Amino acid sequence: MKICIIGTGYVGLVTGTCFSEVGHRVICVDSDERKIAMLKRGEMPIYEVGLNELVQRNKGRGYLTFSTSIEEGVEKSDVIFICVGTPPKERGEADLSSVEKVARQIASFATSSKLVVEKSTVPVKTGEWIKRVFKMYNSQVDFDIASNPEFLREGSAVADFLNPDRIVIGVEKEGPADILKKIYEPIINHQFDPNLREPSSPHPVPLVVTDIQSAEIIKHASNSFLAMKISFINAISDICEKVGADIEKVAEGVGLDRRVGRHFLRAGLGFGGFCFPKDLQAFIKIAKDLNYDFTLLKEVERINKERPALLVKKIRDTLWIIKDKTIGILGLSFKPGTDDMRFAPSLKVISILQKEGARIKAYDPASMGKAKELLPGVVFVSDPYEVSEEANALVILTEWDEFKTLNFFRIKKLMVNPVIIDGRNMFDPLKMKELGFIYKCIGRG
Ligand code: UGA
């Protein structure tokens, strides 16, 4: 199939690349000339495991091309996926101006019928608005609309896209559903490079075909539910701390009930990134506009917002005075496996510490380039041992694998005080105590 992807962010670039990998001809369009020039030169604008290899492979065999021209993309394709950003506005609702602009452009350039698929995370009823735009700007051409929400995670985006738990298709009639089923057929049946297959992925991948509104709500509800699980376990972890219970065992005991599930019950600093915080806000706002006060989700948000300050309290409870202390930070990105700093809890934690007069040294395996612009006053160093030098406390904010194998004997010798505050529960408290550390973590009284 000939597919155009508009927007080459995390979702757009991964979607376009993976579609080309399973045999479709894809043109990826973005108005950002710098980004498209990079992709044409074979350079990657984002860091995502396995993506570079697939981009090079499919670019090389001519299945994946890049352009700054929507006109070219629309002309060359039968199916167009809108994957542009929907950042939050001041009051929490999603800014849909890019979606609307792209819809107008598609309408003005299309000369034959097209299937337009919304893949960006958008408020319910956006599909209806897009349809109205098409009618308003081009009444000559037949446009079909579909919603096909994306569930990939940063850091494992390629694996998630090719091995999804389910594929959701929202349509108004059968024709567009059949086209989308055909596009996804190789993924539903895992007909691609076996090295990219995840054995745990259901086979065939379940397909949910529904109306457009329901598909849009599935995306809101999925992200909100996952965020709710995280805030729930964080609330339980606070109670565990008060009674001397162990959140890791509690999460295991609760999560082994298959109705609950073990995933997304990791207590810690809370959720960040460009999806959960903004999607939660947007869903609360959508509900409000529909006259439903979604207090449950407001509470999920409140619990999450408290997490950075609670971690700083642990540092204060250990060091007493933070002013003029050197705090070493391990991990800055909002989660491991990505260099993404958007809505990372580390930004909040560091800002509170700086306000209290701490000197901050930091190390992250991937995100320091991006973090430098966001964190003035922080000294960035090249490895965890340099972070530990002269530090009064080490604070773990992102659970990177490489921290698991650190030489703690060496770290202890480098530090002024052997204090570790672990916001991600990476280590066994007893072992850390045996190593001679004052080790504080989350929910393990
Ligand atoms: C999330 C969803 O997991 C994807 O399904 C969805 O497609 C995506 O948002 C989106 O809407 O685009 P992502 O933001 O990449 O994906 O990252 P997650 O792995 O979900 O983690 C989100 C945050 O929750 C991270 O800060 C992570 O540290 C935190 N988290 C996650 C916890 O604190 N505890 C957990 O148990 C799990």
Side-chain angles (χ1 to χ4, degrees), residues 7 9-15 46-49 83-88 94 118-123 148-161 163-168 216 218-237 247-248 250-252 254-255 260-283 300-301 303-308 310-311 331-349 367 396-400 422-426 441-443:
Y10 279 98
V11 171
L13 189 56
V14 171
T15 301
I46 51 166
Y47 168 76
E48 193 56 54
V49 181
C83 301
V84 293
T86 53
E118 47 167 46
K119 209 170 201 12
S120 305
T121 298
V122 290
N148 170 222
E150 187 43 58
F151 303 103
L152 57 81
R153 289 163 300 174
E154 281 182 32
S156 54
V158 170
D160 287 348
F161 191 91
N163 301 276
D165 287 349
R166 77 301 206 187
I167 290 165
V168 175
E216 290 167 338
I218 287 171
K219 175 68 188 181
H220 294 308
S222 299
N223 275 9
S224 303
F225 191 85
L226 292 170
M228 186 177 72
K229 272 187 103 173
I230 299 169
S231 278
F232 179 82
I233 206 66
N234 280 333
I236 300 287
S237 80
I247 189 62
E248 294 301 314
V250 172
E252 187 186 347
V254 174
V260 178
R262 189 66 187 87
H263 297 292
F264 279 69
L265 288 180
R266 277 194 339 267
L269 252 184
F271 54 82
F274 203 54
C275 301
F276 285 171
K278 90 172 163 69
D279 290 358
L280 204 62
Q281 266 186 19
F283 201 21
V300 169
E301 199 180 29
I303 292 169
N304 196 58
K305 280 188 175 159
E306 273 183 352
R307 306 308 293 169
L310 285 173
L311 191 86
L332 295 163
S333 56
F334 84 96
K335 66 171 189 177
T338 176
D339 62 350
D340 199 340
M341 285 296 298
R342 291 176 296 177
F343 295 91
S346 63
L347 297 172
K348 268 271 158 58
V349 172
S367 71
I396 301 173
L397 300 181
T398 316
E399 67 277 33
W400 285 95
D422 181 357
R424 299 291 181 181
N425 283 359
M426 288 194 77
C441 47
I442 309 283

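Along the sequence shown, the residues carry numbers beginning at 1. On a predicted model such as this, the values are computed, not experimentally measured, just so you know. One-based numbering, in listed order, for ligands and for the atoms of each.
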Return the set of residues passing salt bridge (Lys or Arg N to Asp or Glu O under 4.0 Å) with R153 (not counting sequence neighbours), or none when no residue passes. D160
Ring geometry between F276 and F271 (parallel below 30°, tilted from 30 to 60°, perpendicular above 60°): perpendicular
Tell me which donor-acceptor pairs under 3.5 Å the side chains of residues 331-344 have, and how far apart each pair is, sequence neighbours excluded?
unit_1	atom_1	unit_2	atom_2	d
S333	OG	K335	O	2.9
S333	OG	T338	O	3.3
K335	NZ	E154	O	2.5
T338	OG1	E154	OE1	3.3
T338	OG1	D340	N	3.0
D339	OD1	K370	NZ	3.3
D339	OD2	K370	NZ	3.3
D340	OD1	R342	N	2.9
D340	OD1	R342	NE	3.1
D340	OD2	R342	NE	3.2
D340	OD2	R342	NH2	2.9

Would you check if T86 and K278 make a side-chain contact, meaning some heavy-atom pair closer than 4.5 Å? yes
Salt bridge (Lys or Arg N to Asp or Glu O under 4.0 Å): pairs with one or both residues in residues 221-230, sequence neighbours excluded: none
Considering only N or O atoms, set out every pair between ligand 1 and the protein closer than 3.5 Å, with distances to one decimal place.
unit_1	atom_1	unit_2	atom_2	d
ligand 1	5 (O)	F151	O	2.8
ligand 1	7 (O)	E150	O	3.4
ligand 1	7 (O)	F151	O	3.2
ligand 1	7 (O)	L152	N	3.2
ligand 1	7 (O)	L152	O	2.7
ligand 1	7 (O)	K219	NZ	3.2
ligand 1	11 (O)	K219	NZ	2.7
ligand 1	11 (O)	N223	ND2	2.7
ligand 1	15 (O)	E154	N	2.7
ligand 1	15 (O)	K335	NZ	3.3
ligand 1	17 (O)	K335	NZ	3.0
ligand 1	19 (O)	K335	NZ	2.9
ligand 1	26 (O)	G272	N	2.9
ligand 1	26 (O)	F334	O	3.0
ligand 1	34 (N)	R266	O	3.0
ligand 1	36 (O)	L265	N	3.3
ligand 1	36 (O)	R266	N	2.8

Mind listing the closest non-hydrogen atom pair of N223 and C275 along with its distance? ND2-CB, 4.2 Å
